[in-house]
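Accompanying notes for the structure given below.
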There are 2 protein chains.
Amino acid sequence: MSDKKISSAVIKRLPRYYRYLGELLENDVVRISSKELSERMHVTASQIRQDLNNFGGFGQQGYGYNVEHLHKEIEKILGLEKTYNVIIVGVGNLGQALANYIDFERKGFVIIGLFDVNPRLVGMTVRGIEVKDIDEMEAFVRENTVDIAVLTLPKAKAPKVATDIVSYGVKGIWNFAPIDLQLRDADATVENVHLSESLMTLSYRLSNTDME
Amino acid sequence: MSDKKISSAVIKRLPRYYRYLGELLENDVVRISSKELSERMHVTASQIRQDLNNFGGFGQQGYGYNVEHLHKEIEKILGLEKTYNVIIVGVGNLGQALANYIDFERKGFVIIGLFDVNPRLVGMTVRGIEVKDIDEMEAFVRENTVDIAVLTLPKAKAPKVATDIVSYGVKGIWNFAPIDLQLRDADATVENVHLSESLMTLSYRLSNTDME
DNA sequence: TAGATTGTTAATCGATTAACAATC
DNA sequence: TAGATTGTTAATCGATTAACAATC
């Protein structure tokens, strides 16, 4: 389907383009050149044009890019025109925070299930969804279409849950456990959010400020 | 102080080395070669040696690396031998989740203040810390040593809070608002966690699985 | 000592930037 | 048309990998 391999450096920049274009759209900006966008985003115009041309020629010589059109195109590239059914496994503080984050739903990520092992949490309702015991997860996943499983559980439990859930057919894992999940299924994919590691790069910078 | 500039690619890999070494340490592994570590981590041995040699020669020919020593050295490099005083600005679901995340405290990030504009939250206690009105933040920051401010607030409010807080002398910002903060103070540094963008790279991969 | 493995230099690969002809 | 700006090729830069002498 796709022609050449897109580098992950490019892919990681796409959401940022999408965000800036969304803001331009909100401000009723109709067209933008790569040069102007580059100044706003603090990247080179060359990089913007290179990045976009991985996916097609969205601009027009002498004019630039139509903001609405480009925004829409990047939306399609990112797969955001679809809706994704999401379950959250591990309904502790972080799991609940993500469940309550309205913005995800606005972008098409719909939470359809919450699971936990903790009997205190089971039966509780978050955003109108009842927390189920993790024993019910397999049946749930097999009966419903689940596109993404969010893992917000202790690292000790993450590998088994990930393996199980992928064996039930879930293709996307958004992993918050501080561990590298190894999936057998080549079709399935993991996106990691390692908060501790992010915080450590901050402490690195705070303690290595070169005072030149 | 530091000799040559360390690339951010290297810095971002350090916490992962640190994590693997910590696990080896827990399993009482005394020594490890770059080759063996490379196999566990799925990177090249060459990269490990190059990365580490940015900071010094921690190994020994014919032997490899002493796990405990290397772990300790990376800890120092990452600035984790110190303690950091942290405030959280925006005590919604995510702010509370971070406040409750015990692991940060274990690594030396101590939460000393919580602030919010919402009168419903002000006065509430999270992990033994009372949520204060954001109006009290300036006095608090000036009276206490605050190393890191965590911004878990709506994007509309983030730029002003960031500017203010940096003007009060805070050098590190851990930003969860979906926006690029521009800081005047060259000494101050921002680490972004853009959850939406992370989720979008996942949806990209889910909708662009090349079935070769 | 012989074998193992580092630290480091050199080679390769990939990503970013510059340049410019094509064209709206 | 003239000016602006793209899409794309070529040049540069930086990061990764390979190779190997040094040495424990």
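Each chain gets a letter, A, B and so on, in the order its sequence line appears, and its residues count up from 1.
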Q.
Check this for me: does any side-chain nitrogen of one of Arg40(A) and Glu36(A) sit under 4.0 Å from a carboxylate oxygen of the other?
A.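 Judged by the 4.0 Å cut-off on N to carboxylate O distance, Arg40(A) and Glu36(A) do form a salt bridge.
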Q | Ion pair check, Lys35(B) and Glu39(B), cut-off under 4.0 Å | A | yes
**Q.** nucleotides 17-24 of chain C: protein proximity per nucleotide (B base, S sugar-phosphate only, - neither; heavy atom, under 4.0 Å)
**A.** BBBB-BBB
Q) Once you round it to whole Å, what is the distance between C1' of dT5(C) and CZ of Phe58(B)? A) 17 Å
**Q.** Spacing of Glu36(B) atom CD relative to dT6(C) atom P, expressed in whole Å
**A.** 11 Å
Compile the donor-acceptor pairs under 3.5 Å between side chains in residues 167-177 of chain B and protein atoms, sequence neighbours left out, one pair per line.
from, atom 1, to, atom 2, distance (Å)
Ser167(B), OG, Asp164(B), O, 2.6
Tyr168(B), OH, Glu138(B), OE1, 3.4
Lys171(B), NZ, Asp185(B), OD2, 3.4
Trp174(B), NE1, Ser198(A), OG, 2.9
Asn175(B), OD1, Ala177(B), N, 3.0
Asn175(B), ND2, Ala177(B), O, 3.1
Asn175(B), ND2, Ile179(B), O, 3.2
Asn175(B), ND2, Asn192(B), OD1, 2.8

Q | Tyr84(A) side chain vs Gly79(A) backbone, donor-acceptor pair below 3.5 Å | A | yes
(Q) Between Arg13(B) and Gln47(B) (side chain of the first, backbone of the second, donor and acceptor by atom type, cut-off under 3.5 Å), is there such a pair? (A) no
Q | Contacting residues from residues 12-28 of chain B, given that a heavy atom lies under 4.0 angstrom of DNA chain C | A | none
Q. Side-chain contact, heavy-atom cut-off 4.5 Å: Leu52(A) with Tyr65(A)?
A.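 When only atoms from C-beta onward are counted, Tyr65(A) and Leu52(A) do touch, with a gap below 4.5 Å.
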(Q) So, does Tyr65(A) get its side chain near the phosphate of dG7(D), meaning an N or O under 4.0 Å from OP1 or OP2? (A)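 Yes, within the criterion.
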**Q.** OP1 or OP2 of dT5(D) under 4.0 Å from side-chain N/O of Ser34(A)
**A.** no
Q.
What does the 5'-to-3' dot-bracket notation of DNA chain C look like when only Watson-Crick and G-U wobble pairs under 3.5 Å count, and pairs to other strands show as |?
A. ..||||||||||||||||||||||
Q) More than 12 foreign heavy atoms under 6.0 Å from NZ of Lys12(A): is that the case here? A) no
(Q) Both Ala45(A) and Asp51(B) contact DNA chain D. Taking the nearest nucleotide for each, which residue is further toward the 5' end? (A)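 The residue mapped nearer the 5' terminus is Ala45(A).
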**Q.** Any residue meeting salt bridge (charged side-chain N to carboxylate O under 4.0 Å, His left out) with Lys157(B), in chain and number order, not counting sequence neighbours
**A.**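 Applying salt bridge (charged side-chain N to carboxylate O under 4.0 Å, His left out) to Lys157(B) gives none.
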Output side-chain donor-acceptor pairs under 3.5 Å for residues 85-102 of chain B, partner residues at least two apart or in another chain, one line each.
from, atom 1, to, atom 2, distance (Å)
Asn85(B), ND2, Thr145(B), O, 2.9
Gln96(B), NE2, Val91(B), O, 3.0
Asn100(B), ND2, Gln96(B), O, 3.0

(Q) To the nearest 0.5 Å, what is the distance between CD1 on Ile74(B) and CD1 on Ile77(B)? (A) 6.0 Å
